[in-house]
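Reading through the structure tokens given below for one structure.
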Amino acid sequence: MSGTVIDRAGTGTPIPSAATRRTGVDAVSFLTIYLILLCAIPSYLTIPALGSVGRLSILWGLVGFVWWAFVRIKNPLSMPSRPAGVKIAAWTFFGVMFLSYAVAQLQGLTSEAATTADSGLLRLLSWLGVMLVALEGIDTSWRQLIMIRRVVLAGALMAALGLVQFVTGQSFVDALSLPGFVDTGHFESVIDRGGFARSAATASHPLEYGTMLCITLPLGFGLALSDVRRHWFLRWAPPLVILVAVALSMSRSALIGVVVGMVLLAPVVPARYRLRAAVFGAALLVGISATVPGMIGTIRGMFNGIGTDASTTSRTDSADNALQIALRDPWVGQGFGTFVPTELIMDNQMLLLLIEGGVLGVAAFLALICAALIAGWRVGRTAITPRDRILGPALAAGVAAGSVTLLFFDGFAFPIAASMLFLVYGIAGSALSVTRAETSP
């Protein structure tokens, strides 16, 4: 294993040697700053002169793209080759989106659509920058572990704030202001559903908050099961906090996403933990029923009412209209970010992507999701350490759980949801590259 040693306890956990300890800013340090900007600063705060791209996380992602491009141009052979799957899928998706932008500009756009198309292109470059920094910059299993720990910590802190909001019914972040920033007015940190507070932490909407929880929960459990050199509290507290937050999130999409993630993670969970998980799950339900009367019934009602409540019918009713709009430009769509509905609400990112990116855009995005999923599972099959044999599938589970929520809201319009998805896609691709490099003779 290049640059690491195996701990004497036999856990297979890599420990950095003195020669490989990082003292400067590397990809993990850059992405840590990105996580802080993304999660610590409420989504409603932007720099007014920059419009929808005025969030610091988007700007930092653009810095990442410029940094990656500079390193590639200056030292084209300095970065090791990466797994073709995720990298090719990423460039294919973003290439289709850029082509869609170019076609839309050539066909002519209204001033409003041109503005949203330009901001959409910048958001794409920001996500691409974050993904490339993760994909090609995380070069050892030790730094990979550090990055996943920090992603899980960000999810746990968001979950903890969400729980405080649920208990108190107060946002605590909606009055926050920063010099040079303004409130966009698109912020629903705590809203009511069934008589209970529906939290969002620092996200702009509970659905975006739910996507964050879906992505980080499988990673949290993966660390709890495999990162055995850490104290048990540091391993188990984050995923348990996230799990409780999901249970109290009052979000169907989050619950569905978590179920998808846990089903994918289950095959690699040691048998002794499955019974404990079942017991803990039953205890959690009993605890929620006892401490939050009516919560279980409300959650049951959310699923029993599928097909009749306004939230569901608005999604199903928009499908036919979305397909009719998509047929106007079926192959590359009308341009990413150009769909500005006045009456039609599109609570489905895949339908919205069909309109803005066409059939090629949807196909390329699905290929990116599949490539990240396959990368995670291949890490689990080929890794030489017990830790990575669990963390690989955990990454795949996080990819699947977060991606499935896009069927229930326009996730690319929300900075935390979209940014976390592309970040975890990049981490999954990097994990396979690192595993290959450290297992090669």
Side-chain angles (χ1 to χ4, degrees), residues 1-4 14 16-38 50 53 55-99 101 121-151 154 364 368 371-372 375-376 379 395 415 418-440:
M1 182 178 293
S2 176
T4 60
S17 64
T20 59
R21 292 192 182 99
R22 307 299 172 87
T23 57
V25 176
D26 67 345
V28 173
S29 301
F30 178 92
L31 295 172
T32 300
I33 297 173
Y34 183 75
L35 280 174
I36 294 172
L37 297 176
L38 184 67
L50 299 179
V53 297
R55 294 180 175 89
L56 289 182
S57 59
I58 295 177
L59 298 177
W60 192 247
L62 291 171
V63 171
F65 180 78
V66 173
W67 183 32
W68 172 86
F70 175 78
V71 173
R72 271 302 194 186
I73 293 172
K74 183 178 180 181
N75 302 301
L77 301 179
S78 64
M79 295 183 182
S81 60
R82 299 297 175 182
V86 175
K87 185 160 61 174
I88 290 176
W91 279 113
T92 300
F93 171 68
F94 286 102
V96 172
M97 292 297 99
F98 297 150
L99 175 62
Y101 171 85
L121 179 65
L122 291 174
R123 285 186 288 126
L124 285 170
L125 288 173
S126 177
W127 299 336
L128 178 59
V130 170
M131 188 174 178
L132 289 173
V133 169
L135 182 64
E136 298 194 338
I138 305 176
D139 54 2
T140 69
S141 58
W142 176 254
R143 299 303 285 169
Q144 188 87 36
L145 176 62
I146 296 298
M147 188 69 245
I148 295 175
R149 284 177 180 173
R150 292 175 182 178
V151 169
L368 175 58
V379 170
L395 280 167
S419 300
M420 286 301 300
L421 281 170
F422 287 105
L423 173 60
V424 79
Y425 296 159
I427 294 174
S430 172
L432 180 56
S433 172
V434 169
T435 298
R436 284 180 169 177
E438 295 183 347
T439 56
S440 61

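A donor-acceptor pair under 3.5 Å is formed between the side chain of Ser126 and the backbone N or O of Ile58. Side chain of Ser430 to main chain of Gly426: no donor-acceptor pair is present (N/O by atom type, distance under 3.5 Å, no hydrogens or angles). Using modelled atom types, one side-chain atom of Thr32 and one backbone atom of Val28 make a donor-acceptor pair closer than 3.5 Å.
Remark: Arg149 CZ to Gln144 CD distance equals 12.5 Å, nearest 0.5 Å. To the nearest 0.5 angstrom, Arg55 atom CZ is 9.0 Å from Arg123 atom CZ. The NZ atom of Lys87 sits 14.0 Å away from the CG atom of Leu368 when rounded to the nearest 0.5 Å. Met420 contributes atom CE, which lies 7.0 Å from atom CG of Leu38 (distance to the nearest 0.5 angstrom). Atoms CG and CG, from Leu395 and Leu432 in turn, are 10.5 Å apart once rounded to the nearest 0.5 Å. Rounding to the nearest 0.5 Å places OH of Tyr34 at 7.0 Å from CG of Leu423.
Looking at residues two or more places apart in sequence or on another chain, you find a side chain to side chain contact (heavy atoms under 4.5 Å, CB included) between Leu59 and Ile47, Leu50, Leu56, Leu62. Contacts of Phe65 classified as ring-ring contact (aromatic ring centres under 6.0 Å, His included), with partners at least two apart in sequence or in another chain: none. Applying the ring-ring contact (aromatic ring centres under 6.0 Å, His included) rule to Phe422 yields the partners Phe94, Trp127, Phe412, Tyr425; only residues at least two apart in sequence or on another chain are considered.
Classified by interplanar angle (parallel below 30°, tilted 30° to 60°, perpendicular above 60°), the ring pair Trp60/Phe30 is parallel.
Closest of all the heavy-atom pairs between Ala134 and Ile427 is CB-N, 4.0 Å. Taking every heavy atom of both residues into account, Ala372 and Ala428 meet most closely at O-CB, 3.7 Å. In plain terms, the two heavy atoms of Val86 and Ala375 that are nearest each other are CG2-CB, 3.9 Å. Here the closest non-hydrogen pair linking Ala154 and Leu35 is CB-CD2, 4.4 Å.
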> Can you check side-chain contact (heavy atoms from CB on, under 4.5 Å) on Phe98 and Leu125, steps first, answer last?
Replying inline: CA-CA 10 Å; Phe98 297 150; Leu125 288 173; 3.7 Å; yes

> Should Thr140 and Glu438 be marked as a side-chain contact (heavy atoms from CB on, under 4.5 Å) after you check the CA-CA gap, both sets of side-chain angles, and the distance that decides it?
Replying inline: CA-CA 8 Å; Thr140 69; Glu438 295 183 347; 4.1 Å; yes

>> Set out, in order, the CA-CA distance, both residues' side-chain angles and the distance that settles side-chain contact (heavy atoms from CB on, under 4.5 Å) for Ile88 and Thr92, then state yes or no.
In response: CA-CA 6 Å; Ile88 290 176; Thr92 300; 3.9 Å; yes

>> Could you walk me through whether Leu145 and Trp142 satisfy the side-chain contact (heavy atoms from CB on, under 4.5 Å) test, starting with their C-alpha distance in whole Å, then the side-chain angles of each, then the deciding distance to 0.1 Å, before giving a yes or no?
In response: CA-CA 5 Å; Leu145 176 62; Trp142 176 254; 4.1 Å; yes

